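Read the structure below first, then the notes.
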There are 2 protein chains.
Amino acid sequence: MARKTEQRRWIRHVFQTTERPLTPQEVLTRAQRHISGLGIATVYRNLKSFNEEGWLKAVELPAEPTRYELADLDYHHHFQCDDCGRVYNIPGSPNDMASLYPENYQVSRHQVLLYGQCAECTAEATTHHLENAAVASL
Amino acid sequence: MARKTEQRRWIRHVFQTTERPLTPQEVLTRAQRHISGLGIATVYRNLKSFNEEGWLKAVELPAEPTRYELADLDYHHHFQCDDCGRVYNIPGSPNDMASLYPENYQVSRHQVLLYGQCAECTAEATTHHLENAAVASL
DNA sequence: GTCGTTGCAAAGCGTTTGCAGCCTA
DNA sequence: TAGGCTGCAAACGCTTTGCAACGAC
């Protein structure tokens with residue numbers, strides 16, 4: 001059934017060389033470095049089928065486009081940086097939440113989301129702060 | 001500045017008489033019982049301004065339209081029913097999650113989402129099951 | 001009467017789909 | 001060569017915006 005195309009090859013490559021969930025746009029941008037003619041529709045179609053065949057897993061965050069990551073990663077939470085918007089994977093345990101389950105509903109799964117500032121943006125902010133301080137001290 | 005209109009009056013009323021976060025569509029449907037001519041654009045505009053003035057708070061869930069709820073509710077988690085899609089408020093404490101915060105990022109807030117089957121849908125499913133059992137026994 | 005507010009329709013925006021041509025097997 | 005795959009453009013669904021009429025004060 002499924003044929004091996006250049007497009008698919010490079011979309012796969014993108015996920016094999018990254019460590020965080022990616023949006024369709026991010027995938028397109030990264031894959032286009034290798035096949036410039038790649039269209040966004042092809043990206044959407046392949047993300048969907050990779051997801052259905054179980055190679056990718058959808059990562060959905062509030063008010064954000066659906067991201068995707070490799071399906072075989074260990075259990076983890078997600079962290080989104082308020083500054084750059086990137087989403088990172090955070091180690092965690094599925095049992096962290098058991099005590100929070102209400103009794104009147106049948107809870108079958110949960111999702112934990114963390115928000116704040118990532119290491120990179122924290123460093124950047126510090127640098128700018130120092131730069132500004134330097135300017136101010138002139 | 002802000003004028004008292006019938007539209008606003010009834011949109012407010014909707015939130016004062018419900019106990020769970022509502023989508024713009026749900027707000028429209030409920031408010032139209034009192035002002036039939038109400039337009040969806042007016043609902044969006046007012047939800048936005050109520051949110052900005054701090055009377056409402058946005059409740060964002062993955063792959064779902066933004067819902068709104070009264071801003072002065074106690075801290076709680078959200079639970080979405082896989083069957084009916086309704087979102088319910090669940091008691092909880094902001095401290096539940098402290099132990100999950102990673103050290104390499106500046107975590108400033110978190111969100112906990114629970115998914116499963118609500119009491120109403122569980123009851124409904126049981127009823128149907130009994131009905132089917134009854135039919136099967138004929 | 002002023003100008004904030006509303007309803008309608010059009011515009012946006014991200015995602016999906018129809019279709020003709022392309023390319024894998 | 002058959003038919004799955006792709007790129008383009010149109011279609012979609014939800015949300016926002018432009019605009020003329022309306023109505024609160």
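Below, all heavy atoms of this structure are taken into account, side chains as well, without hydrogens, waters or symmetry copies. Keep in mind that what you see is a predicted model, and the values were worked out from it rather than measured. Quick note on labels: first sequence line is chain A, next is B, and so on, each numbered from 1.
Expressed to the nearest 0.5 Å, how far NZ of A:Lys48 lies from OH of A:Tyr68 amounts to 8.5 Å. Separating the CG atom in B:Leu56 from the CD1 atom in B:Ile11 is a distance of 9.5 Å, to the nearest 0.5 Å. Going from atom CG of B:Leu61 over to atom OG1 of B:Thr23 covers 11.5 Å, rounded to the nearest 0.5 Å. Atom CG of B:Asn46 sits about 12.0 Å away from atom CG of B:Asn51, to the nearest 0.5 Å.
Listed by residue number, B:Arg45, B:Asn46 are the residues of residues 45-52 of chain B with a heavy-atom contact under 4.0 Å to DNA chain C. Interface residues of residues 20-31 of chain B facing DNA chain C, ordered by number: none; criterion, heavy-atom separation under 4.0 Å.
Within the nucleic acid shown, A:Ile40 has no heavy atom closer than 4.0 Å to any nucleic acid atom.
Rounded to whole Å, atom P of C:dG14 lies 13 Å from atom CZ of A:Arg67. Distance CD (B:Gln7) to P (C:dT5): 11 Å, rounded to an integer number of Å. The distance from atom CZ of B:Arg8 to atom C1' of C:dG7 is 15 Å, rounded to the nearest whole Å. In this structure, the CD1 atom of B:Ile35 is 12 Å from the P atom of D:dA24, given to the nearest Å. The distance between atom CZ of A:Arg3 and atom P of C:dT24, rounded to the nearest whole Å, is 9 Å. Taking atom CD on B:Gln32 and atom C1' on C:dG7, their separation rounds to 12 Å, with Å as the unit. Between the CD atom of B:Glu6 and the C1' atom of D:dG23 there is a distance of 11 Å, rounded to whole Å. As a whole-Å value, the separation of A:Lys4 NZ from D:dC5 P is 13 Å.
A salt bridge does not link B:Arg8 with B:Glu53: none of the charged nitrogens is closer than 4.0 Å to a carboxylate oxygen. We find that A:Glu120 and A:Arg20 are not joined by a salt bridge, their nearest charged nitrogen and carboxylate oxygen being 4.0 Å or further apart.
For the residue pair B:Thr18 / B:Arg30, a side-chain donor-acceptor distance below 3.5 Å is found, with atom types taken as modelled.
By the 30° and 60° cut-offs, the orientation of the rings of A:Tyr88 relative to B:Tyr105 is tilted.
Counted within 6.0 Å of CG on B:Asp74, heavy atoms from surrounding residues, nucleotides or ligands total 12 or fewer; the atom is thus considered open.
Residue order along DNA chain D, read from the 5' end via each residue's closest nucleotide, puts B:Ala41 first among B:Ala41 and B:Thr5.
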